[in-house]
Participant: 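Have a look at this one before I ask anything.
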Number of protein chains: 2
Amino acid sequence: MPQKVMDRRVERTRRSLQNALGQLIMEKGFEKITVQDVIDRANVGRSTFYAHFESLDQLLLSGFEPLRAQFEDFLSGTEYDNESPWALSLTMFQQVQKQQGGYITLTHVQKYLYGYLLDHLKTALPKRNKNIPPELLAHYVASSFIALMTWWIDNNYPFPAEKMNELFRQLVEPGTLAIMMGE
Amino acid sequence: MPQKVMDRRVERTRRSLQNALGQLIMEKGFEKITVQDVIDRANVGRSTFYAHFESLDQLLLSGFEPLRAQFEDFLSGTEYDNESPWALSLTMFQQVQKQQGGYITLTHVQKYLYGYLLDHLKTALPKRNKNIPPELLAHYVASSFIALMTWWIDNNYPFPAEKMNELFRQLVEPGTLAIMMGE
DNA sequence: TATGTTTCTGAACATCGTGTTCGGTTATAC
DNA sequence: GTATAACCGAACACGATGTTCAGAAACATA
């Protein structure tokens, strides 16, 4: 939970680090980035970095915080039913699209979104089925979502969020319905 | 291409390193493994490791070589048609199952299999479609495959390969057909 | 069994990234 | 204007990487 009033310097430092990380992820991918890279780009002292974050992973996570809060809100105000997975995926497409040019990157999506969707699906999907284990079904749906989202971001958002969600549903729903009914 | 006759010591060293890596992947995951871990486990000198492989990635890749060769064979003897993607996926399920207890791990699957399937799909799938970009479709199918494969290995091969491939097809085919026909 | 060749060993070394510490400097809030 | 909080940056210990080299061991051959 953020302080009511935050020292300008703190805000400036954190923003700067987040932006630097975002840029570097685009340039060379998260795995190849060092703390040195980030603090050089952000013009921040080494000790300052560690005063704010205990690792690059923490810094990465901090940039995802705004979206995380939105999804929490969304989920706490939603009933679980047959439509809720599609509503959640639509929200995710929309929110990510809105962040274009911000510091939300593919790395954020792949690292955090998958888990959110999976958790939701595990409770939203029917629990018992003789044709397929429910966790497998959840994995399949969540993976498919991430695949579409990854392609979408990689290709620079060629379609609007609504169209992506439609594609997602058209691809995934028929098979899942078929397998739940039995062949 | 392996030598006709290989010095016993070379064979022993390489096997030992591959096995050590396989064990360590199961124990703590590929990302957390260091060269030191591997050579300690394998009882091999530091300089020996670097005489054989130039990195952990190379060592990992070397263990996948047998499977890679099989898939090359399979693909070079197969016509591209509507059935070939399912035949390839079945082969992959079967070959991975056969390697149970060998040094093929989840890491191998996720790092190499995806690329193989994707390449095949890009040529095997119909090239033009007004409803969905072909590369997106290929990504979706390949990701779904990896999702099922991952679950299967994670849960210790609860079903035979044939059943997994059937599930894969039942989940993926209806949606892809529907979207190719137009809604 | 003797010989020449290949492989393995292990210690030493340079290099790089991490995470911490601390005395000194600067910006901010009031 | 002053007390306080944040930032700086140099120094340090640590651990992993990748290379080098001289000596020991295993191998193929005859």
Side-chain angles (χ1 to χ4, degrees), chain A residues 1-65 103 105 107-108 111, chain B residues 1-65 103 105 107-108 111:
Chain A
M1 47 197 78
Q3 285 298 83
K4 273 207 152 145
V5 174
M6 187 181 278
D7 193 313
R8 277 207 212 113
R9 292 169 293 180
V10 174
E11 188 113 353
R12 213 178 71 89
T13 300
R14 295 174 66 98
R15 272 272 146 67
S16 190
L17 288 169
Q18 287 170 335
N19 288 333
L21 181 64
Q23 288 174 26
L24 288 164
I25 286 176
M26 311 282 199
E27 291 172 21
K28 51 151 105 178
F30 183 69
E31 324 73 39
K32 295 186 179 176
I33 296 172
T34 69
V35 172
Q36 198 61 47
D37 292 333
V38 176
I39 64 182
D40 285 350
R41 181 68 63 97
N43 268 305
V44 158
R46 186 168 194 72
S47 48
T48 306
F49 175 92
Y50 286 104
H52 288 277
F53 305 100
E54 60 181 30
S55 67
L56 286 179
D57 284 272
Q58 291 280 329
L59 173 56
L60 183 72
L61 183 57
S62 78
F64 185 69
E65 184 57 26
Y103 41 71
T105 68
T107 311
H108 289 99
K111 261 189 146 134
Chain B
M1 49 196 75
Q3 286 297 81
K4 274 208 152 142
V5 175
M6 187 179 279
D7 194 314
R8 277 209 212 111
R9 290 168 295 179
V10 174
E11 188 113 353
R12 212 178 72 91
T13 300
R14 296 174 67 98
R15 272 273 147 67
S16 190
L17 287 170
Q18 287 171 336
N19 288 334
L21 181 62
Q23 288 175 25
L24 288 163
I25 286 176
M26 312 281 199
E27 291 172 21
K28 50 151 108 177
F30 183 69
E31 325 72 41
K32 295 187 178 175
I33 295 172
T34 69
V35 173
Q36 198 61 49
D37 292 333
V38 176
I39 65 182
D40 285 350
R41 180 70 62 100
N43 267 304
V44 157
R46 184 168 195 72
S47 48
T48 306
F49 175 93
Y50 285 104
H52 288 277
F53 305 100
E54 60 182 31
S55 66
L56 286 179
D57 284 272
Q58 292 279 329
L59 173 57
L60 183 71
L61 183 57
S62 78
F64 184 68
E65 184 56 26
Y103 41 71
T105 67
T107 312
H108 289 100
K111 261 190 147 133

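Every chain is numbered from 1, with letters handed out A, B, ... down the list of sequences.
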Participant: Any residue in residues 36-53 of chain B with a heavy atom nearer than 4.0 angstrom to DNA chain D? Just list them by number, or reply none.
Facilitator: B:Gln36, B:Arg46, B:Ser47, B:Tyr50
Participant: Taking only heavy atoms on the protein side, list every residue of residues 9-22 of chain A lying under 4.0 Å from any atom of DNA chain D, sorted numerically.
Facilitator: A:Arg9, A:Val10, A:Thr13
Participant: What is the separation between atom CE on A:Met6 and atom P on D:dA6, rounded to the nearest whole Å?
Facilitator: 10 Å
Participant: Got a second to check how far B:Phe30's CZ is from B:Lys111's NZ, nearest 0.5 Å?
Facilitator: 4.5 Å
Participant: When the distance from CG of A:Asp57 to P of C:dT18 is rounded to whole Å, what number comes out?
Facilitator: 12 Å
Participant: When rounded to the nearest 0.5 angstrom, what distance separates CG in B:Leu61 from CG in B:Leu56?
Facilitator: 12.5 Å
Participant: Just how far is it from atom CD of A:Gln58 to atom CG of A:Leu17, taken to the nearest 0.5 Å?
Facilitator: 13.0 Å
Participant: With sequence neighbours excluded, what pairs up with A:Arg15 under the side chain to side chain donor-acceptor pair (under 3.5 Å) test?
Facilitator: none
Participant: Send over the distance from A:Asp7 CG to D:dC7 P, rounded to a whole Å.
Facilitator: 7 Å
Participant: Please check: side-chain N/O of A:Ser62 versus main-chain N/O of A:Leu59, any donor-acceptor pairing under 3.5 Å?
Facilitator: yes
Participant: Where do B:Ile33 and B:Ile25 come nearest, in terms of heavy atoms and distance?
Facilitator: CD1-N, 3.5 Å
Participant: Just how far is it from atom OG1 of A:Thr107 to atom CE of A:Met26, taken to the nearest 0.5 Å?
Facilitator: 9.0 Å
Participant: In whole angstroms, how far is the P atom of C:dT18 from the CG atom of A:Leu56?
Facilitator: 6 Å
Participant: Under the side chain to side chain donor-acceptor pair (under 3.5 Å) test, which residues partner B:Ser55, sequence neighbours left out?
Facilitator: none
Participant: Mark yes or no for whether A:Thr105, through its side chain, and A:Gly22, through its backbone, hold a donor-acceptor pair below 3.5 Å.
Facilitator: no
Participant: For residues 19-36 of chain A, which residue pairs pass the side chain to side chain donor-acceptor pair (under 3.5 Å) check, not counting sequence neighbours?
Facilitator: A:Gln23-A:Arg41, A:Glu27-A:Arg41, A:Lys28-A:Asp37, A:Thr34-A:Asp37, A:Gln36-A:Asp40, A:Gln36-A:Arg46
Participant: Using the C1' atoms of the five pairs at each end, what is the angle between the end axes of the helix from C:dT1-D:dA30 to C:dC30-D:dG1, to 10°?
Facilitator: 40°
